[in-house]
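See structure below.
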2 protein chains.
Amino acid sequence: MHSQVPSENQLAQQFGVSRMTARRALTELTDERVLKRSQGLGTFVAESVAASSLLEVRNIADEISARGHSYSNRILLAQECMASADVARALEVPEQAKVFHSIIVHCDNGLPIQWEERFTNPALAPDYLEQDFVHTTPNAYLSKVAPLTQADTTVEAIAAEAAIAHALEIAPGDACLQVWRRTKSRIGTVSFARLVHPGNRYRLGAQLRF
Amino acid sequence: MHSQVPSENQLAQQFGVSRMTARRALTELTDERVLKRSQGLGTFVAESVAASSLLEVRNIADEISARGHSYSNRILLAQECMASADVARALEVPEQAKVFHSIIVHCDNGLPIQWEERFTNPALAPDYLEQDFVHTTPNAYLSKVAPLTQADTTVEAIAAEAAIAHALEIAPGDACLQVWRRTKSRIGTVSFARLVHPGNRYRLGAQLRF
DNA sequence: TGTATATTGTTGTATATACAAGAATGGTTA
DNA sequence: TAACCATTCTTGTATATACAACAATATACA
């Protein structure tokens, strides 16, 4: 369904801005794959690509129960803090702005399987700290508050530091899979998470089709 | 090192364009994470971390040269062998069938960055061993022979074993990112690769849009 | 009727201008 | 010395203008 969007000039007139600013908005939406434009024809809403969730952002509690295992967690920390330089950049907030900081360890049949350290933008999820994370994961709450439009993920291998090794019940220095994930909604960057998995208890899979 | 880039006005004057077009170029490079800008301070080249996308199968030689670094490799092994049970299952050939087996270490500016151990189906790439892998990577050759239609990828963290540690110039037991990748073409399973990266020299990235 | 041409409306590109906002510097003053 | 302020340079935002490139449509003409 190629539904057409008003032209730059129409939008400019309609919203009382110049054509160039209307154009910039359309360009940004085009960069985000929301719109498609073609010279001489016009601007159209883009076909929503059959969200073939290759590397989907799933709730780990759901994953574990989908395997028929029991899910449990331990909340190590849930508080407000000041954004460090890295966190501020990731969340696109000013440095030393107040952000929510939580650390939760997720267990599969009682065995720790993920260290989830998360920084959340209070502007987009103000009730974050009031959630009952024993029964709702941060992921589930955030998905409800602000539907995700984008996720940037980075994967690397690290040696477990002391605190993480203790929480995951592995030896310090053991290989871990570390995932950095920044999730964005339409309004802005919602959350920045560091997920650490024991290397011998977890794998990441992706199936690509071309 | 935070090397600074000329300001918008300087670039405009230097290249004889207006400030706005110089600015647009800088903005695009910033969107691509090539530059970082901050108001009042200036524009800087962003730290380029060795990272590749989890969602695409790219030639590592191209990735390295795209970063402006020099690519080199060491061929540790290139021969025919009998398929083990795992390899046979992955390649969908009978057990103990003849398959090609190669081990190549890829280097970025002389520093080992990937151990590539690959099993290839001779039926789909008969000339595999005749390739000059000093100048053509297995990836490049296979893509030419049989266009990929699917890739199954698994990522995990492991401790480096002796042979790999030696080849990658890291200590045994150091954390490594291990990627298993099985690539299929329309006709069948082409290749099965085990890619091991030093954890502190490599990252995998993925950007998802919903 | 069929074909060429002109017109209109669209996006794409480049420019010039003005001012706001942030950060560092230097000088003045208490 | 310490605090304050003005200046300057930077990026960020918004606007207005002109023209190019492309596509569809209307018009004129053979």
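As a basis for the values below, the full set of heavy atoms in this structure was taken, side chains included, without hydrogen atoms, waters or symmetry mates. Each chain gets a letter, A, B and so on, in the order its sequence line appears, and its residues count up from 1. Everything numeric here is computed off the predicted structure, so don't read it as measured data.
Of all heavy-atom pairs spanning A:Glu8 and A:Ala22, the tightest one is O-CB, 3.9 Å.
Residue B:Val105 is tested with B:Leu76, B:Asn73, B:Ile164, B:Ile113 for a side-chain contact (heavy atoms from CB on, under 4.5 Å); the sole match is B:Leu76.
With sequence neighbours left out, the salt bridge (charged side-chain N to carboxylate O under 4.0 Å, His left out) criterion links A:Asp86 to A:Arg89. With sequence neighbours left out, the ring-ring contact (aromatic ring centres under 6.0 Å, His included) criterion links A:Phe133 to A:Tyr128. In this structure A:Thr189 satisfies the side chain to side chain donor-acceptor pair (under 3.5 Å) test together with A:Glu92, sequence neighbours excluded. Here B:Pro122 pairs with B:Val99, B:Phe100 under the side chain to side chain contact (heavy atoms under 4.5 Å, CB included) rule; sequence neighbours left out. With sequence neighbours excluded, the residues satisfying side chain to side chain contact (heavy atoms under 4.5 Å, CB included) with B:Ala90 are B:Arg182, B:Phe192. Under the ring-ring contact (aromatic ring centres under 6.0 Å, His included) criterion, B:Tyr141 pairs with no residue at all, not counting sequence neighbours. In this structure, A:Arg74 has no salt bridge (charged side-chain N to carboxylate O under 4.0 Å, His left out) partners at least two apart in sequence or on a different chain. Residues satisfying the side chain to side chain donor-acceptor pair (under 3.5 Å) test with B:Asp127, not counting sequence neighbours, are none.
In this structure, A:Ser7 reaches the sugar-phosphate backbone alone: every heavy-atom distance under 4.0 Å involves primed, P, OP1 or OP2 atoms, never a base.
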Would you tabulate the side-chain donor-acceptor contacts of residues 39-46 of chain B under 3.5 Å, counting partners in other chains and residues two or more places apart, or write 'none'?
{"unit_1": "B:Thr43", "atom_1": "OG1", "unit_2": "B:Arg37", "atom_2": "NE", "d": "3.1"}
{"unit_1": "B:Thr43", "atom_1": "OG1", "unit_2": "B:Arg37", "atom_2": "NH2", "d": "3.2"}

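The distance between atom CG of A:Leu29 and atom C1' of C:dT11, rounded to the nearest whole Å, is 15 Å. Following rounding to the nearest Å, B:Gln10 (CD) and D:dC9 (C1') show an atom-to-atom distance of 10 Å. Rounding to whole angstrom units, NZ of residue B:Lys36 and P of D:dG12 are separated by 14 Å. When the C1' atom of C:dG12 is taken as reference, atom CZ of A:Arg24 falls 16 Å away, rounded to whole Å. One can place CG of B:Leu11 at 15 Å from C1' of D:dC9, the figure rounded to the nearest angstrom. The distance from atom CG of A:Leu26 to atom C1' of C:dG12 is 13 Å, rounded to the nearest whole Å. For the pair B:Gln4 CD and D:dC9 P, the interatomic distance rounds to 14 Å; values are reported in whole Å. The CD atom of A:Glu28 sits 13 Å away from the P atom of D:dG12 (whole-angstrom rounding).
The A:Glu8 side chain lies nearest to C:dT11 when the options are C:dT11, C:dT10, C:dT15. Residue A:Ser18 places its side chain closer to D:dT15 than to any other of D:dG12, C:dG12, D:dT15.
Between D:dT11 and B:Arg23, no contact under 4.0 Å exists linking OP1 or OP2 to a side-chain N or O. In this structure, B:Thr43 reaches the D:dT11 phosphate: one of its side-chain N or O atoms is under 4.0 Å from OP1 or OP2. Look at A:Ser38 and you won't find any side-chain N or O under 4.0 angstrom from OP1 or OP2 of C:dT11.
For the pair A:Val196/A:Glu161, no side-chain contact is recorded, criterion being any heavy-atom separation below 4.5 Å from C-beta on.
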Using a cutoff of under 3.5 Å, can you pull out all pairs of nitrogen or oxygen atoms linking the protein to nucleotides 4-6 of chain C, with atom names and distances?
none

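Across its full length, the helix from C:dT1-D:dA30 to C:dA30-D:dT1 shows an angle of 10° between the axes of its 5 terminal pairs at either end, rounded to 10 degrees.
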For this session: Quick one, give me the B/S/- string for nucleotides 17-26 of chain D, reading 5' to 3', where B means a protein heavy atom under 4.0 Å from the base and S means that only happens at the primed atoms, P, OP1 or OP2.
Result: BB--BBSS--
